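Below is one structure, written out as structure tokens; the observations come after it.
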Amino acid sequence: MLRLYNTDGRKVQPFVPLEPGRARLYTCGPTVYNFAHIGNLRTYVFEDILKRVLRRCGYQARHVMNITDVGHLTSDGDVGEDKMEVGAARERKTVWEIRDFFTAAFMADAKDLRLDPPDTTCRATDHIAEQIAMVRELESKGIAYPLADGLYFDTAKFPGYGRMAGLDPEGLMAGARVEVAEGKRNITDFCLWKLTAPGVKRLMEWDSPWGRGFPGWHIECSAMARKFLGDNFDIHCGGIDHVRVHHTNEIAQTEALTGKKWVNWWMHGEFLLLDEGKMSKSSGTFLTLSALKERGYDPLAYRLFLMNAHYRKPLVFSFEALEGAQRALQRLRGRAHKLAAAAGAAPHPGYLQRFDAALEDDLNAPQALAQTWELLHDESVPPAQKVATLASMDEVLQLDVFRTESEKPEPGAGAGMTQNPMVGVLQMSEESLREKIRQLLEQRTEARQAHDFARADALRAEITALGVDIKDSPTGTTWTRRRGHR
RNA sequence: GGCGGCAUCGCCAAGUGGCCAAGGCAAUGGUUUGCAAAACCAUCAUCCCCCGGUUCGAAUCCGGGUGCCGCCUCCA
């Protein structure tokens, strides 16, 4: 039985879909004005596991994800710069080029992490009409009011405002750092449609009944989720930071309009932290998946690192921990590879059952993973049965456990990314470096065959100095680039 | 200032009343290897931040303390 934590109510409860056998799911997607950082990616991995577990439990999942490509502002509804425009200026490109570039970058990361693509991916700018229609409805119901810079949602008109987030409007009032925008009726009111200031030409703006401008940030998810999933659906996910403002406002505007409960389950992924604190785009302190790849890490090692912790617990990122995950992944694959020849058995019921039970208990991936390791270490389980069990587990884990060494990305691929001028050897071209290693290895093999081990060891030292580790095996010597070099 | 979360082996991290606490990484011992590396096997917390309490029994509940983090501003 699948049990999931619901932010709305703050407890784990049995999952009951609206329609038997089906689960409708909306996940807040990326804002495409910059690369996704690995913290952003943590949330998408959590959602991917959720989706795969839903399927495993027999539900047909219908998944919708938005792409936020409307600028919005770096601050609240009144001040700040347009993020898309900032990104465009930085890269000297048009906002549309920026949008396409970072959307593609996100898709590439998603593919690297083996995230199952949504059934529907929808862009905010492709649904301006739907957003305007929704705002008009709100206006006609008297829930919106105009200010000089746009149309605002009157949160006082929605009695349940902030229920899911556990907000206390009084408490917010007392908050020292909250500034009330000019003319807002309530501190929590937010912009539904933002007007372009007179005399300003924005790169992204549209005509509307209220004048030229752009939609408020929250309305896009409400409008698109409603369009694709209806006035009531099962699960809505996002990062923990969305609870307070974004999702609170989405609920307010949608339920104020329909007069009924919108989403049954709200699920939120916790943050990935750095030692120094939160990873943030605005402060520039963030790591991308590409950066990890350049350092020689397998994206799936990052996936494993994430699955080693529960999605509702803050997780501190460190290269030490990622290194551990990479090693673990290599060993996992090594074992799986050795077993792979055996086939024709059914999965081991015990391990598989415990694995599934862990996942069905609010996606306890760490505990599920423990079953995977115990299975591998269990001498009493025949190889063929292990293979079948592993294959089934990997449907959720997506660690590509049967991948063999030779299929690994070539070490050092992506030449010319980050060369360290302090180490002269790295300045030699990739080609000549490989050639040099090849020659040294050949000489060492000869020396070993001649039992001239002193010479063989000297040659190995020389090779090691190039940032390469070598492995002797009955079938020959192989080498891999040491991480940190290159 | 207000709200919320977390503190478990060197590192990461499950476990939320009852077999003297999963799993991964590291470490140590061993097998293997010309030596290494890799791989494999074994070992590795009577103890869960501190103090007090509840209970037959607590890492798990309650009170107090200390420390760390997040939110209240765009943010996954």
Side-chain angles (χ1 to χ4, degrees), chain A residues 10 27-31 33-34 36-47 72-81 83 86 165-168 170-179 187 217 237-246 268-273 277-283 286 304-305 307-310 312-318 320-332 334-335 338 354 358 361 364-374 376-377 379 405 447-448 451-454 456-457 460-461 464 469-474 477-480:
Chain A
R10 314 277 160 135
T27 59
C28 279
T31 304
Y33 66 98
N34 202 337
H37 62 235
I38 58 175
N40 299 128
L41 264 15
R42 181 183 185 198
T43 299
Y44 301 114
V45 169
F46 137 63
E47 291 159 351
H72 303 304
L73 304 177
T74 51
S75 183
D76 65 20
D78 282 337
V79 293
E81 301 168 281
K83 286 186 289 194
V86 168
L167 286 191
D168 170 14
E170 302 299 314
L172 285 177
M173 287 295 189
R177 292 166 60 198
V178 179
E179 291 172 35
I187 194 169
W217 175 40
C237 301
I240 190 81
D241 54 320
H242 280 161
V243 174
R244 195 131 190 166
V245 178
H246 186 48
H268 298 93
E270 253 293 351
F271 275 135
L272 179 79
L273 305 171
K278 201 176 81 176
M279 203 173 283
S280 105
K281 286 184 185 173
S282 52
S283 66
F286 70 91
L304 177 59
F305 164 77
M307 290 192 292
N308 224 19
H310 189 93
R312 280 195 289 117
K313 285 277 185 70
L315 174 61
V316 178
F317 177 85
S318 69
E320 191 184 0
L322 180 62
E323 185 71 34
Q326 174 104 332
R327 296 291 304 271
L329 180 61
Q330 282 167 0
R331 283 182 194 160
L332 182 61
R335 282 171 174 273
K338 278 183 192 165
R354 289 189 290 275
D361 180 17
N364 195 332
Q367 211 161 62
L369 228 26
Q371 289 304 313
T372 305
W373 288 107
E374 288 196 9
L376 287 169
H377 291 294
E379 304 269 316
E405 281 288 305
R448 290 179 70 219
H451 286 264
D452 182 355
F453 298 120
D457 289 348
R460 177 167 58 201
T464 303
D469 287 327
I470 61 181
K471 267 200 294 198
D472 294 328
S473 79
T477 302
T478 59
W479 62 277
T480 50

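This is a predicted model, so every value here is computed, not measured. Chain A is the first sequence line, chain B the second, and so forth, proteins listed ahead of strands; every chain is numbered from 1.
Here B/G5 presents its C1' atom at 7 Å from CD of A/E270, a figure rounded to the nearest Å. The CD1-P distance, from A/I240 to B/A76, rounds to 14 Å in whole Å.
Each of A/A370 and A/Q367 was matched to the nucleotide of RNA chain B holding its nearest heavy atom; the match closer to the 5' end belongs to A/Q367. Comparing A/G324 and A/G269 against RNA chain B, the residue whose closest nucleotide sits nearer the 5' end is A/G324.
Using Watson-Crick or G-U wobble geometry with both donor-acceptor distances under 3.5 Å, B/A21 finds no partner in any strand shown. Pairing for B/G70 goes to B/C3, judged as Watson-Crick or G-U wobble with the two contacts each under 3.5 Å. With a cut-off of 3.5 Å on both Watson-Crick or G-U wobble distances, the partner of B/U55 is given as none.
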All N/O pairs under 3.5 Å across the protein-nucleotides 11-13 of chain B interface:
| residue | atom | partner | partner atom | Å |
| --- | --- | --- | --- | --- |
| B/A13 | O2' | A/N308 | O | 3.1 |

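A/F305 and A/A321 make their closest contact through CE1-CB, 3.5 Å (heavy atoms, listed as atom of the first residue, atom of the second, distance).
Using a 4.5 Å heavy-atom cutoff, the side chains of A/T43 and A/T27 are not in contact.
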*asked:* So if I define the base as every atom that isn't primed, P, OP1 or OP2, how would nucleotides 30-42 of chain B read as a B/S/- string at a heavy-atom cutoff under 4.0 Å?
replied: ----BBBBSSSS-

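Looking at A/N40, its side chain does come within 3.5 Å of a backbone N or O of A/H37 through a donor-acceptor pair.
With sequence neighbours excluded, the residues that form a salt bridge (Lys or Arg N to Asp or Glu O under 4.0 Å) with A/R448 are A/D472.
Once rounded to the nearest 0.5 Å, the distance linking CE of A/M307 with CZ of A/R42 reads 12.5 Å.
Counting non-hydrogen atoms under 4.0 angstrom, A/E374 reaches the backbone sugars and phosphates but no base. Across all strands, A/H242 comes closer than 4.0 Å only to sugar-phosphate atoms, never to a base (heavy-atom distances).
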